[in-house]
Amino acid sequence: MAFLLRRLVFYMAAFIAAATINFFLPRLMPGDPVQIMFSSAGTELPPESLQALKLTFGFVDGPLWQQYLTYLGSIFTGDLGRSIKYFPLPVTSVLGNALIWTVGLMGTATIVSFAIGTFLGIVAAWRRGSTFDVIVSVGAIFATSVPAVVTSLIVLFIFGFTLGWFPNGYAADPSLDPAFSLQYIGSLAYHGILPMVTLCTVLIGGFTVTMRNNMINLLGEDYIVMARAKGLSDRHVMLWYAARNALLPTVSSLAIAIGTILGGSLVTEVVYNYPGLGNILYQAILARDYPVIQGQLLIMTATMLIANFIVDVSYVLLDPRLKGA
């Protein structure tokens, strides 16, 4: 419990620090950002909404510390204001609808990439120096070196435009009504293949390299030599002795990869016109929809912190030696 409390305090402080940066960003901009947003909205916002925008950003009459407390209070009560581009929808509704698509895409891609990358890293390390190891290592390094936007464009050009095997955009067939039916679910899966392939291509390489390096560092340990001397099969030693212990640092890298996943997902969603947070952020930037931009910054920060907290707890559960630390 002491460990959990310490980590909770740390991550809460990190979130407040991110919210503080979010608070000062509009105030560091030249001019009055609220007036800029109100003017750019044109006829989309009624005049009485000007005061509401000021309250959203904490621009209330009073000293700076009072404005800061008002802004923090609006965050912790879930009041992120109203979107300018999608007025009169609140920011929470706009981001909540997009979050479902991004979580589905990111979650599936992360699970698939972690499983494939970890398996390839285990086998490559066990067969170190073989042709399989060379091909997997070079391919993994190459995949991690190519930016997500380049991978997205290459995959879209080859399989979408040139071969025409898959659709070039959207999360489902626009002519279908959203419903819990085999036709609509099949359309979702069909339209999600190219974004999934793109994200998996970006992520698998990192997991493969990390797992391979961890495995190689453990293959010379005494307990590995003892397991082989006992006559255990290579498969048993590889999976239950080497891979099991090498998996601990890989779990930590999973939290770090969340940042890569978020970045890759944002770019991928824009390229494939996928209705997730990335596409919403892009549209909000074009429309200068600052409430949506700031709300998404908070969501991304919270996602990173929650992922790191889960990994911290999982690491303690996976490694019994840390329970008494």
Side-chain angles (χ1 to χ4, degrees), residues 102-156 158-159 192-219 238-239 242-272 274 276-278 300-315 318-319:
T102 298
V103 169
L105 182 64
M106 281 178 44
T108 307
T110 303
I111 294 173
V112 173
S113 303
F114 184 77
I116 296 177
T118 300
F119 176 76
L120 292 177
I122 291 172
V123 179
W126 192 258
R127 300 179 180 178
R128 182 175 47 176
S130 65
T131 304
F132 180 84
D133 179 32
V134 174
I135 294 175
V136 169
S137 300
V138 173
I141 294 174
F142 177 77
T144 56
S145 303
V146 180
V149 61
V150 177
T151 304
S152 300
L153 294 174
I154 292 175
V155 172
L156 179 62
I158 295 176
F159 298 102
I193 289 178
L194 289 188
M196 276 285 301
V197 170
T198 300
L199 288 178
C200 289
T201 302
V202 174
L203 297 174
I204 286 176
F207 291 131
T208 301
V209 172
T210 302
M211 192 63 187
R212 179 184 180 275
N213 294 338
N214 295 338
M215 280 280 293
I216 290 177
N217 292 332
L218 293 177
L219 291 180
M238 179 180 68
L239 296 178
R244 187 177 181 181
N245 291 281
L247 192 62
L248 292 175
T250 307
V251 172
S252 297
S253 69
L254 181 61
I256 301 175
I258 294 296
T260 305
I261 297 170
L262 284 172
S265 176
L266 297 182
V267 173
T268 302
E269 289 174 358
V270 173
V271 172
Y272 292 100
Y274 201 81
L277 290 176
M300 295 174 65
T301 303
T303 301
M304 290 287 295
L305 295 177
I306 292 173
N308 279 273
F309 177 74
I310 293 175
V311 168
D312 283 346
V313 176
S314 302
Y315 205 91
L318 290 172
D319 191 348

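- Summarising the geometry of Arg212 relative to Ala124, their closest heavy-atom pair is CD-CB, 4.2 Å, with the distance given to 0.1 Å.
- A distance of 12.0 Å separates CD1 of Ile111 from CD1 of Ile116, quoted to the nearest 0.5 Å.
- In this structure, the separation between CG on Leu120 and CG on Asp133 is 11.0 Å, given to the nearest 0.5 Å.
- Here the side chain of Thr102 pairs a donor or acceptor atom with the backbone of Leu277 at under 3.5 angstrom.
- Taking each heavy atom of Thr118 and Phe207 in turn, the nearest pair found is N-CB, 4.4 Å.
- In this structure, the separation between CG on Asn213 and OG1 on Thr208 is 10.5 Å, given to the nearest 0.5 Å.
- Rounded to the nearest 0.5 Å, atoms CZ (Phe142) and OG1 (Thr201) are 10.5 Å apart.
- For the residue pair Val112 and Cys200, the shortest heavy atom distance occurs at CG1-SG, 4.0 Å.
- Closest approach of Leu203 to Ala109, counting heavy atoms only: CD1-O, 4.3 Å.
- Residues Tyr274 and Thr268 form no side-chain contact, since every pair of their non-hydrogen atoms from C-beta on lies 4.5 Å or further apart.
- Of the inter-residue distances, the one linking Ser137 atom OG with Arg128 atom CZ reads 11.0 Å to the nearest 0.5 angstrom.
- Between the side chain of Thr144 and the backbone N or O of Ile141, at least one donor-acceptor pair lies under 3.5 Å.
- Nearest approach of Ser152 to Thr198, heavy atoms of both residues: OG-CG2, 3.1 Å.
- Residues Val155 and Tyr272 form a side-chain contact, since some pair of their non-hydrogen atoms from C-beta on lies under 4.5 Å apart.
- Rounded to the nearest 0.5 angstrom, Ile204 CD1 and Leu199 CG are separated by 10.5 Å.
- Closest heavy-atom contact between Gly278 and Val270: O-CG2, 3.7 Å.
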